[in-house]
Amino acid sequence: MSNVPISTAVRSISEERTREWLEAQTAPDEDEAESIAESSVVDSLDYEYSEYTQDDDDEDNENAGEEISTMPLGTSITNKRSKISDTLRDLMNSINSIQTVGNVNISNSTNVHIGNVTNINGNIQIIANSLSRARHDRRKTSLTEVPTPDIEPNLLSKDESEERVCSDVFINSQKFKIPKELCSIIPRHSWLAQSPMEEPEVLQRPVKYVVILHTATESSEKRAINVRLIRDMQCFHIESRRWNDIAYNFLIGCDGNIYEGRGWRTVGAHTLGYNKIALGISFIGCFMRELPTTDALNMCRNLLARGVEDGHIASDYRLICHCQCNSTESPGRRLYEEIQAWPHFYNIEKEEQ
């Protein structure tokens, strides 16, 4: 094995091929052909070759010959490195200009998102594969004992037995909705509530009255906006009204969520004359001409039912509206009309007469 510079091999073979080409074309004398062949060989420094190891066997000689190329006389030579760089640059540009996202064909569409985008509107459907305990036990038993006519049990393969019992084992595509009847209350820390300015006064329970109000603000079906509204209300009640905390015991948004205000156990500041004997439930928004969303109304009913079940509200409670107790439009004329049709609604004016 010997180390030979690549430039020597290239020059020797190139001179030989050039000499043969000249002899075949014009047949000049030997000295002239030798001179032309030497002058026509491109200097090896233009290619910036490194030294290589050349084996003595024929296979390595053959491989070395494959890497040598010739070109016609008079062809302009460019730097090999720049050629490679340009080729790689063109290849990368062509790759970057193509976005492969699978078999997707979009036409006549706007506002299209491709990628990890999750939008949830309304109820959530969960698709699950469930396996009951009884079926699970039956499957384990069937794998060991599969009665099959005209076939010996030991001749039945395990794959065939699994295929027999797996057809009805799993319940596929079982759909169910997260029930809106569940009364989930978003706690104070979830909307970053301030602590009360003073020690809260304990509410005597079960309360006899429940007062329905509205906040007389904007309404929204987005939780983030409702959280902002509640925080602004608490700041206003504490700093401007000089109250201990946000006025209401609970707030209900048009997003169908119940937000904890002062909660079940604390006296509120919602209705003059009724704060110590009633819970104050306020809808977020202004409902003079329209009702809250159906989800919001359902959540209010569920909250009342939960209050009765947990012992916070008396079973024979009286449901009243803010406008029946004080000179105000709360909870809005349209909502007031709705509440009058609910069970436990109490007509104070009729009682006084």
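Residue numbers start at 1 and run along the sequence shown.
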State the [atom1]-[atom2] distance between [X] and [Y], to the nearest 0.5 angstrom.
X: I225; Y: C254; atom1: CD1; atom2: SG; answer: 11.5 Å
X: C286; Y: L335; atom1: SG; atom2: CG; answer: 10.5 Å
X: Q340; Y: I212; atom1: CD; atom2: CD1; answer: 12.5 Å
X: E290; Y: S219; atom1: CD; atom2: OG; answer: 6.0 Å
X: I313; Y: L304; atom1: CD1; atom2: CG; answer: 5.5 Å
X: L319; Y: N347; atom1: CG; atom2: CG; answer: 12.0 Å

For the residue pair [X] and [Y], what are the closest heavy atoms and their distance?
X: T328; Y: C323; answer: O-CB, 3.2 Å
X: H270; Y: L213; answer: O-CD2, 3.6 Å
X: Y317; Y: P343; answer: OH-O, 4.5 Å
X: L192; Y: R231; answer: CD1-NH1, 3.6 Å
X: F283; Y: P292; answer: CD2-CG, 3.7 Å
X: E221; Y: D255; answer: O-CB, 3.4 Å

Does R301 have more than 12 heavy atoms from other residues, nucleotides or ligands lying within 6.0 Å of its CZ?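 Enclosed: over 12 neighbouring heavy atoms sit under 6.0 Å from CZ of R301.
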
Heavy-atom count around Q204 CD within 6.0 Å, excluding the residue itself: above 12?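 Open.
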
Just jot down the side chain to side chain donor-acceptor pair (under 3.5 Å) partners of [X], sequence neighbours excluded, or say none.
X: Y209; result: R318
X: S330; result: H322
X: Q324; result: none
X: R228; result: E218

Compare all side-chain heavy atoms of [X] with those of [Y] and state whether any distance is below 4.5 angstrom.
X: M233; Y: L251; answer: yes
X: F287; Y: E338; answer: no
X: I339; Y: C300; answer: no
X: N302; Y: I258; answer: no
X: V267; Y: L203; answer: yes

Give the intermediate values and the outcome of side-chain contact (heavy atoms from CB on, under 4.5 Å) for residues L303 and I185. CA-CA 9 Å; L303 183 64; I185 299 174; 3.9 Å; yes

Heavy-atom donor-acceptor pair, W243 side chain to G268 backbone, under 3.5 Å: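 Answer holds: no.
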
Can any side-chain N or O of N249 pair as donor or acceptor with the backbone N or O of G280 at less than 3.5 Å?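 Flag set: sc N249 to bb G280 pair under 3.5 Å.
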
Group every Ile, Leu, Val, Met, Phe, Trp and Tyr by side-chain heavy-atom contacts under 4.5 Å, then state whether Y248 and I277 land in the same group.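 They do share one cluster, since a chain of ILVMFWY contacts under 4.5 Å joins Y248 to I277.
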
Path from V308 to W342 over hydrophobic side-chain contacts below 4.5 Å: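 Yes; tracing contacts between hydrophobic side chains, which count when under 4.5 Å, links both residues.
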
Answer yes when R334 and E337 have at least one side-chain N-carboxylate O distance shorter than 4.0 Å, and no when they do not.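 Answer for the salt bridge query: yes.
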
Please go through M197's hydrophobic cluster and name the other residues, only I, L, V, M, F, W, Y counting, with side-chain heavy atoms under 4.5 Å joining them.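 Traced through the cluster, M197 reaches I238.
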
Which other residues end up in the same hydrophobic cluster as M288, if Ile, Leu, Val, Met, Phe, Trp and Tyr are linked when side-chain heavy atoms come under 4.5 Å apart?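 Answer for M288: none, a lone residue.
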
Partner of D245 under side chain to side chain donor-acceptor pair (under 3.5 Å), chosen from Q194, R262, H237, Q234: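 Checked Q194, R262, H237, Q234 against D245; only one passes side chain to side chain donor-acceptor pair (under 3.5 Å): Q234.
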
Does a side chain donor of either R223 or N226 reach within less than 3.5 Å of an acceptor in the other side chain?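 Per modelled atom types, R223 and N226 side chains form no pair under 3.5 Å.
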
